[in-house]
Structures are given as structure tokens and as C-alpha cells.
Amino acid sequence: MSSERRFRIQAVARATGLNSATLRAWERRYGVPAPERGENGYRMYSQQDIDLLQRMGGLIEAGHAPSDAARIAQASPPVEALPPLQAPEVPTPGPADAVREALLAATHALDGDALRAAVHRALTLGPAWRIHEEIFVPVLAEIGERWARGELTVSHEHFATEAISAALRDLLRLMEPPAGARRVLLACVDEELHSLPLLGVALLAAHAGWQPVTLGARTPPLALASAVQQLRPSAIALSATMARPNPEWHDYATAVGDVPWIIGGQAAMAAQGALETLGATVGASARDLVDFLAHVGPGRSP
Ligand code: B12
């Protein structure tokens, strides 16, 4: 490895605003970037890798599909040098850090006023999908960790989830789809109670100009099949967090018929091979939906 400064994935995630699952997914799918590996196997990113990621992120924000953004970012050198990454040991806390901390502190204290105030501050910090990705997703993951360590109870988790879900629903209501927008049908698989991830997916669908229709938690294959019959969606997005002993992937493949489908969440990632064999696209992060929808076609029907 060269003597040039290298950064670990968490530092790169903080510097680029992309989460680590997205960084790994872009590397796997588009080879963007291809960081060196340290002796311990950890990814070690160079400043050039970070510049490339920032270019690709900027292109996606400007409306390019991720696959196009990857190609363009790799082909075009930066017009001007981007500011170097902050040293990972001394990250400067920004407004997003402060809001994340405030959300966690309010959750610990079960303080409704403080939680509402922190959620409102979060809503001022950028476009809806970015607020979700940079603030709500890491806070929910941290709440999950603290719950698993016994530092927070289910009441704390419900308390925070309720407020964040309400905020995401409000954001979705504000993102009126354009006239003639095509439908993407969203649902959690059977027995799946983690419906909140679907709200993030719905936000990105709306951002891409599609009309999300969300069925929510615990949607058995037959219920999905009847919704597909009735709504005739142009695409289907499913979410599966918890692994189950006998997942009915085959029944879902039947339920979707010939409608293109994507499935994400931890359980879907673990069953990637089986799902792809059944014709599904497997998404590592909600952003993968944008790429998938771009391949399905324009958000508005011709
Ligand atoms: C809130 C929460 C709950 C709430 C859910 C409320 C709701 N309405 O959603 C409730 C209380 C119901 C719940 C219940 C349980 N939970 Co829970 N929960 C969480 C928590 C804290 C947040 C979940 C969340 O919304 N995350 C934010 C989302 C946006 O992130 P994500 O799920 O990682 O999704 C990302 C990607 O996977 C992807 N993605 C997901 N879906 C899709 C779909 C598409 C199409 C695409 C493209 C991408 C995509 O995009 C997302 C963003 O990038 C997590 C902690 C965590 N790390 O997530 C635990 C967590 C998921 N829960 C866990 C557990 C163990 C449980 C319970 C078994 C607890 C129990 N003993 O009862 C039950 C199981 C219920 C069930 N059968 O489904 C574990 C799961 C561990 C595992 N995989 O085995 C976690 C990780 C907590 C932990 N650290 O242990 N939970």
C-alpha cells in the first residue's frame, strides 16, 4: 500500500454523506471505487476514491441513474479539487450530528417535546431522502444497537419509531407525484413488522417521480397478488428484515407475475442468490430502488 493517507469506511461515510451499505453496494455493482484493503481486510479509501464517490453522489442528486452516474464520474476528472476529507480522528460535529444526538437523547429521556423539536430540526436539513438516509436511518440503527445491548427498552424504540414514521409520512404527503406518474407497489413480506424501511423506499420512489402505493407490514403473497391485479403497478418493491425458517420467495415471485420487482432488507440480502434466480433484483440500500426504477422506465407513463 502507498504512503498516501487512507480512510476507513465509516470516515468516508461521514465525509460523503453516503452510508456504508451504499459504499459497499456501489463497489460491488459499479466498481466505484475499488479501495485498497488493509492487512486486516478493511477497506482503505484514498482521497481520490472519496472524490470519485462525491462526484457520483452529486450526479445522482442531479437526477442521473446510479449506473450512469458511475460511468460519468469515472470518465470525468473533477473540474476543481474538492476540499480534502476531515481527519477521521477529529470530525467536526455538523448540524446533522447535533440532530442525531438530540434524537437519541430525547429517546433515552422519553421526552416527547424534545423528540418533536429534534424531528422538526431534522426536517430543515435537506431533501427528504437525505434527511432519512443521514439522520433517521443511523439513529434507528443506533437505537437498535442500544436496545440489543440492553441500554434502551422496547418502549424507547416504539417512542422514537412512532415519531420518525409520522415525520416520514408527512414528508411523503408533501411529495405529490406528478400527473401521470407510474405506480410502484410497496409491501413488507409476510410476518414482517419492520414497515419503517418501506417509508424510506417510498420517499426515494417519489423523489424519482414515481407514485408509491404502500401496503405496509405483513403482506402475504396472496394479498400482494390481489393488489397487483387491482392496481396494475409498473414495479413492485418488497422489504424483508427478519429471516424466517421457510420464506415463501417462490410464492412472491408468482404473486408479482411479470411486473419487475426489487426486494431489500437484511433477510433479502441473506437470500440474494435464491431471489435473483426467481427474477428479483436485490437492493442493499433504499438508493438501489432509484437505479432499479430507472431501468424499468420513466416515472411518467408515455
Ligand atoms: C424499529 C424496529 C422495530 C419495530 C419496527 C416498527 C416499524 N413500524 O417498522 C418493531 C418493534 C416492530 C420491531 C420488532 C422486532 N425487531 Co426490530 N428493529 C427496529 C430498529 C430499531 C429500526 C428498524 C428500521 O426502521 N431501520 C431503518 C431502516 C431504514 O434501515 P434498514 O432496515 O437497515 O433498511 C435499509 C436497507 O436494508 C434497505 N432496505 C430495506 N428494505 C428495503 C426494500 C427495498 C425495495 C430496497 C431497495 C432497500 C431496502 O434500505 C434501508 C435504508 O438503506 C432495528 C435496528 C436497525 N439496525 O435497523 C431493529 C432490528 C431490525 N429489530 C430486530 C429484532 C430482533 C426485532 C424483533 C425480533 C424483536 C422481538 N424480540 O420482538 C421483532 C421482530 C418483528 C418482526 N417479526 O418483524 C433486530 C434484527 C436482528 C436480525 N436481523 O436478526 C434489529 C437489527 C435490532 C438489533 N440490533 O438487534 N423492531
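What's counted below: heavy atoms across the whole structure, side chains too, no hydrogens, waters or symmetry copies. Counting starts at 1 for both ligands and their atoms, following the listed order.
- Less than 4.0 angstrom separates some heavy atom of Q266 from each of these atoms of ligand 1: 82 (C), 83 (N).
- Of the N or O atoms in A148, none lie within a sub-3.5 Å distance of an N or O in ligand 1.
- Remark: among candidates G265, A202, A160, the nearest residue to atom 40 (C) of ligand 1 is G265, based on non-hydrogen atoms.
- Regarding atom 30 (O) of ligand 1, its nearest protein heavy-atom neighbour is V137 CG1, 4.2 Å.
- Remark: ligand 1 atoms within the under-4.0 Å shell around heavy atoms of A237 are 45 (C).
- When non-hydrogen atoms are compared, ligand 1 lies under 4.0 Å from neither the backbone nor the side chain of F136.
- By the definition of a contact as any protein heavy atom under 4.0 Å away, atom 3 (C) of ligand 1 is in contact.
- The atoms of ligand 1 that sit less than 4.0 Å from any heavy atom of H158 are 11 (C).
- The single protein non-hydrogen atom nearest to atom 56 (C) of ligand 1 is A141 CA, 3.9 Å, given as residue, atom name and distance.
- With rounding to the nearest 0.5 angstrom, the OG atom of S285 is 4.5 Å from the CG atom of D288.
- At least one heavy atom of A284 sits less than 4.0 Å from an atom of ligand 1.
- Rounded to the nearest 0.5 angstrom, L152 CG and E157 CD are separated by 9.5 Å.
- The closest donor-acceptor contact from the side chain of H158 to the backbone of S155 lies at 3.5 Å or more, if one exists at all.
- Near E157, meaning under 4.0 Å from any of its heavy atoms, are these atoms of ligand 1: 1 (C), 2 (C), 3 (C), 4 (C), 11 (C).
- Taking a 4.0 Å cut-off on heavy atoms, R287 fails to register as neighbouring ligand 1.
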CA sep, side-chain torsions, deciding dist, call: E133, R287, salt bridge (charged side-chain N to carboxylate O under 4.0 Å, His left out): CA-CA 9 Å; E133 237 176 49; R287 276 192 191 205; 2.9 Å; yes

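- A heavy-atom distance below 4.5 Å is found between the side chains of L224 and L238.
- Atoms OH and OG1, from Y45 and T16 in turn, are 8.5 Å apart once rounded to the nearest 0.5 Å.
- Taking 4.5 Å as the limit, some side-chain heavy atom of W249 sits within range of a side-chain heavy atom of I263.
- Considering each of A267, A280, G264, A235, the one bringing a non-hydrogen atom nearest atom 46 (C) of ligand 1 is G264.
- Looking at atom 28 (C) of ligand 1, its nearest protein heavy atom turns out to be P197 CG, 3.9 Å.
- Which parts of ligand 1 touch S285 is read off a 4.0 Å heavy-atom cut-off, strictly below it: atoms 38 (C), 47 (C), 48 (C), 50 (O), 53 (O).
- Protein non-hydrogen atoms do not reach within 4.0 Å of atom 85 (C) of ligand 1.
- Put simply, the side chain of L203 reaches to within 4.5 Å of the side chain of M175, judged on heavy atoms.
- Proximity of atom 67 (C) of ligand 1 to the protein is not indicated, since no non-hydrogen protein atom lies closer than 4.0 angstrom.
- Less than 4.0 angstrom separates some heavy atom of E191 from each of these atoms of ligand 1: 76 (C), 77 (N), 78 (O).
- Distances from atom 72 (O) of ligand 1 to the protein include no heavy-atom value under 4.0 Å.
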Test side chain to side chain contact (heavy atoms under 4.5 Å, CB included) on L275 and W261; report intermediate values, then the result. CA-CA 10 Å; L275 283 161; W261 60 304; 4.1 Å; yes

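- Close approach to T241 involves these atoms of ligand 1, each under 4.0 Å from a residue heavy atom: 61 (C).
- In this structure, L238 has a heavy atom closer than 4.0 Å to ligand 1.
- Atoms of ligand 1 found under 4.0 Å from any heavy atom of I262 (numbered from 1 in listed order, with element): 45 (C), 47 (C).
- When only non-hydrogen protein atoms are considered, atom 14 (C) of ligand 1 lies nearest to H194 NE2, 3.7 Å.
- Remark: L110 CG to H156 NE2 distance equals 4.0 Å, nearest 0.5 Å.
- There is a protein heavy atom closer than 4.0 angstrom to atom 88 (C) of ligand 1.
- Ranking the protein heavy atoms by distance from atom 78 (O) of ligand 1 puts L193 N, 2.8 Å first.
- Counting heavy atoms from C-beta outward, E36 and S46 have side chains that stay 4.5 Å or more apart.
- If you chain together hydrophobic residues whose side chains sit under 4.5 Å apart, V189 and V213 fall into the same group.
- Of the protein's non-hydrogen atoms, the one nearest atom 80 (C) of ligand 1 is M242 SD, 3.7 Å.
- The presence of a protein heavy atom under 4.0 Å from atom 16 (N) of ligand 1 is confirmed.
- Closest to atom 6 (C) of ligand 1 among all protein heavy atoms lies T161 CG2, 3.7 Å.
- A side-chain donor-acceptor contact under 3.5 Å links R146 and H108.
- Atom OG1 of T219 and atom CG of L198 lie 8.0 Å apart (nearest 0.5 Å).
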Do D49 and R43 pass the salt bridge (charged side-chain N to carboxylate O under 4.0 Å, His left out) test, and can you show the C-alpha distance, the side-chain angles, and the key distance before you say yes or no? CA-CA 11 Å; D49 292 333; R43 291 172 172 80; over 6 Å; no

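- For atom 19 (C) of ligand 1, the nearest protein heavy atom lies closer than 4.0 Å.
- A salt bridge does not link R244 to E191: none of the charged side-chain nitrogens sits closer than 4.0 Å to a carboxylate oxygen.
- Atom CG of residue L215 and atom CG of residue L185 lie 4.5 Å apart, to the nearest 0.5 angstrom.
- Annotation: atom 25 (O) of ligand 1 to nearest protein heavy atom, L196 CB, 3.5 Å.
- Contact of the M56 side chain with the Y30 side chain is registered, since non-hydrogen atoms from C-beta on lie closer than 4.5 Å.
- Heavy-atom separations between S195 and ligand 1 include at least one value shorter than 4.0 Å.
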